[in-house]
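Heads up: the structure comes next, in structure tokens.
Just so it is clear, the structure is predicted and the values come from calculations on it, not from any experiment.
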Amino acid sequence: MIVSDSTIFESAQRDEQPVLVKLSGEFDIRYLRTLENMLRDCLASGRLTLVDLSEVTFMDSRCVWELAVYYQLGRGRIILCNPSQDVGVSVAAYDLEDWLDFIYTTDLRPSPGCAAANIQYNTTTNTRKVSRPCINYIQR
């Protein structure tokens, strides 16, 4: 387990099984490094990675760009699934439609007995309503 002031990361290894990464909430410049590290780790593992984008409520230009770069670097090892309408708007706004392909699935739940890992953000809540991002790794 790796712990820093803003994140907790737990990992469990299961060889040759795909990794399910579920993104949710808002992703802006504050979370760029965490998103980049997660995508880099997924590529370094050499395992197929499914990235579920169905619960992303905002993704700024730098995060969408990072997603596009790692998607291209993955050459089929990173699969982007179920983009929310907000992700679609961001991809179109930043003119990255030709860089990203999405698949649509009906169910990305892990099967019983899957190892799981999480990244959780410890952010302070301001007086305005904030949607905190969350990245969940589920290694099958």
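Not counting sequence neighbours, the partners of I79 by the side-chain contact (heavy atoms from CB on, under 4.5 Å) test are L48, L50, C81, I103. For R62, there are no salt bridge (charged side-chain N to carboxylate O under 4.0 Å, His left out) partners two or more places apart in sequence or in a different chain. Under the side-chain contact (heavy atoms from CB on, under 4.5 Å) criterion, S54 pairs with K22, D52, N82, sequence neighbours left out. Remark: E97 engages no residue in a salt bridge (charged side-chain N to carboxylate O under 4.0 Å, His left out) (not counting sequence neighbours). Scanning for side-chain contact (heavy atoms from CB on, under 4.5 Å) contacts around F102 gives L53, L80, P83, V87, V91, L100, Y104, with sequence neighbours left out. By the side chain to side chain donor-acceptor pair (under 3.5 Å) test, R40 pairs with N37, sequence neighbours left out. Here D86 pairs with nothing under the salt bridge (charged side-chain N to carboxylate O under 4.0 Å, His left out) rule; sequence neighbours left out. Every residue meeting the side-chain contact (heavy atoms from CB on, under 4.5 Å) condition with W65, not counting sequence neighbours, appears here in chain and number order: V69, L96, W99.
The side-chain hydrogen bond (donor to acceptor under 3.5 Å, both in side chains) contacts involving residues 68-79 comprise Y71-D101, where partners must be two or more places apart or lie in separate chains.
For the atom pair CG (D60) and CZ (F27), the distance works out to 10.5 Å, reported to the nearest 0.5 Å. Note: I78 CD1 to L67 CG = 8.0 Å, rounded to the nearest 0.5 Å. Expressed to the nearest 0.5 Å, how far CZ of R33 lies from SG of C63 amounts to 11.5 Å. Between the CD atom in E66 and the CE atom in M59 there is a gap of 10.5 Å [rounded to 0.5 Å].
Applying the 4.5 Å side-chain rule to ILVMFWY residues, one finds I29 in the same cluster as L32.
The closest side-chain heavy-atom distance from V21 to C42 is below 4.5 Å. Residues F58 and D28 form a side-chain contact, since some pair of their non-hydrogen atoms from C-beta on lies under 4.5 Å apart.
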